[in-house]
Amino acid sequence: MMLAISALKGFLVDASDGRIGTISDFLFDDTTWKIRWMVVDTGGWLKGRKILIHPSAISQPNYRREELSVRLTTTQVKESPDILSDQPVSEQMETELYGYYGWDPLWGGTNYFGVYPFGLASGVTETPGSGDGELLQEARADPVPKGDPHLRSVTSVTGYHLQAKDGPIGHIENILVDDATWGIRYFIIDTLNWWPGKHVLLSPYAVRAISWAERNIAVDVTRDQVQGGPVWDPADAINSTFQKSLHRYYGWPSYGW
């Protein structure tokens, strides 16, 4: 099953023995395109702290009640390593969280089926820019740990512009995530300014270059390809039949169907 990740923002988050806050964002690894952390706003409960929850602790969301449960207790969350809301998320902090909760950093695999089809390891170029590990970092007089350069915010990436080989095709409206591996499967592209009334699904397999500073992603498709591809209606569920036709059309590897 796939989740429209932005639809979860604002959902209530419940531990096994009480509420711990609301979802404020998700952070993903830009070399594997996998969600690494869910960011929880604890409101006044743990004021001044941000809580990061690993996908392995997340249960199925309840869309009707707009709630999501995690396999943790409130005490575990309260006594977890202290990450101040104005500090970047550093690799050291992540290591402390893995150790405290006993989470496996390689849960779900390092990437899709043991390969790097679209990460930087396969030649995708990027324009350097600070990672979203900063998460609302404020100016401070004292030094703070450097943020993980490969940690990106889903909220920040939403709205990025997509550039085909022969021109712009739209912007990222939402991101679809596999709820089993929490890997990013597709970008939902709003083509309003170019192809009114349409939405296009593109896999990270199509990414060939990224400019984080300019909020722009170059993809290895043409406008004609996009217009001639499988039609997607946001009201329809995305099943394996549709995904297979989409991947065959663009020549993308499968996700292991």
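- Note that CG of D148 is 4.5 Å distant from CD of E94, once rounded to the nearest 0.5 Å.
- With rounding to the nearest 0.5 angstrom, the CG atom of D190 is 11.0 Å from the CG atom of N174.
- Distance alone, capped at 3.5 Å, places no donor-acceptor pair between the E66 side chain and the Y63 backbone.
- Residues F187 and Y160 form no side-chain contact, since every pair of their non-hydrogen atoms from C-beta on lies 4.5 Å or further apart.
- In this structure, the separation between NE2 on H54 and CG on L97 is 10.0 Å, given to the nearest 0.5 Å.
- Ion pairing between D178 and R185 holds under the 4.0 Å rule for side-chain N and carboxylate O.
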**OP:** Give the intermediate values and the outcome of side chain to side chain contact (heavy atoms under 4.5 Å, CB included) for residues H247 and Y205.
**Re:** CA-CA 10 Å; H247 283 243; Y205 280 116; 4.3 Å; yes
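- Within the 4.5 Å cutoff, the side chain of L201 has no heavy atoms near those of the I189 side chain.
- Hydrophobic clustering of Ile, Leu, Val, Met, Phe, Trp and Tyr side chains at less than 4.5 Å, counting indirect connections, keeps L192 apart from I172.
- Among V219, T222, V221, the one residue that satisfies the side-chain contact (heavy atoms from CB on, under 4.5 Å) test with K165 is T222.
- Of all the heavy atoms in T191 and K198, the pair that sits closest is OG1-O, 3.0 Å.
- For the pair I210/D30, no side-chain contact is recorded, criterion being any heavy-atom separation below 4.5 Å from C-beta on.
- Judged purely by atom type and a 3.5 angstrom limit, R215 uses its side chain to pair as donor or acceptor with the backbone of S156.
- Atoms CG and OG1, on D17 and T74 in that order, are 3.5 Å from each other to the nearest 0.5 Å.
- Counting heavy atoms from C-beta outward, W182 and W107 have side chains that approach closer than 4.5 Å.
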**OP:** Go through the steps to decide whether Q163 and I217 satisfy the test side chain to side chain contact (heavy atoms under 4.5 Å, CB included), and finish with yes or no.
**Re:** CA-CA 6 Å; Q163 186 78 19; I217 298 177; over 6 Å; no
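- A 4.5 Å side-chain heavy-atom check between W232 and I238 finds at least one atom pair inside the cut-off.
- Not a single donor-acceptor pair under 3.5 Å links the side chain of R71 to the backbone N or O of S16.
- For the pair T75 and Y100, the tightest heavy-atom approach, listed with the atom from each and the gap, is O-OH, 4.2 Å.
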**OP:** Step by step, work out the side chain to side chain contact (heavy atoms under 4.5 Å, CB included) result for H171 and N193.
**Re:** CA-CA 9 Å; H171 65 272; N193 294 329; 5.5 Å; no
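- Between V200 and Q227, the closest side-chain pair of non-hydrogen atoms is not below 4.5 Å.
- Here the side chains of L176 and L3 are not in contact, with every heavy-atom distance at 4.5 Å or above.
- A pairwise comparison of heavy atoms in V77 and Y101 identifies CA-OH, 3.5 Å as the closest pair.
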**OP:** Please assess S80 against R49 for the test side-chain hydrogen bond (donor to acceptor under 3.5 Å, both in side chains), listing each intermediate value before the final yes or no.
**Re:** CA-CA 11 Å; S80 64; R49 287 179 58 184; 3.1 Å; yes
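- Proximity of a side-chain donor or acceptor of S90 to a complementary backbone N or O of M93 within less than 3.5 Å is detected.
- In this structure, S211 contributes its side chain and E214 its backbone to a donor-acceptor pair below 3.5 Å.
- Scanning both residues, I188 and H199, for their nearest heavy atoms gives CG2-CD2, 3.9 Å.
- Each of I23, D25, I175, T155 was scored for a side-chain contact (heavy atoms from CB on, under 4.5 Å) with I5, with one residue passing: I175.
- Nearest heavy atom pair, residue G228 against residue Y249, reads C-OH, 3.3 Å.
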**OP:** Take D41 and T22 through the test side-chain hydrogen bond (donor to acceptor under 3.5 Å, both in side chains) and record every step on the way to the result.
**Re:** CA-CA 5 Å; D41 180 355; T22 59; 4.6 Å; no
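- Side-chain N/O atoms of S69 and D14 include no donor and acceptor closer than 3.5 Å.
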**OP:** Go through W33 and F28 one step at a time and tell me if the ring pair (Phe, Tyr, Trp, His ring centres under 6.0 Å) criterion holds.
**Re:** CA-CA 6 Å; W33 297 92; F28 69 92; 5.5 Å; yes
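- Between A164 and R208 the shortest heavy-atom distance is O-NH2, 4.4 Å.
- Under a hydrophobic-cluster definition in which Ile, Leu, Val, Met, Phe, Trp and Tyr are linked whenever side-chain heavy atoms come within less than 4.5 Å, directly or via other members, I51 and L12 are assigned to different clusters.
- Atom CG in D29 sits 10.0 Å away from atom NZ in K34 (nearest 0.5 Å).
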**OP:** Assess whether side chain to side chain contact (heavy atoms under 4.5 Å, CB included) is satisfied between W45 and R19, documenting all intermediate values.
**Re:** CA-CA 10 Å; W45 178 48; R19 183 151 297 157; over 6 Å; no
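- Side-chain contact between L202 and Y186 is absent, with no heavy-atom pair separated by less than 4.5 Å.
- Taking CG from L106 and CG from D104, the interatomic distance works out to 5.0 Å, rounded to the nearest 0.5 Å.
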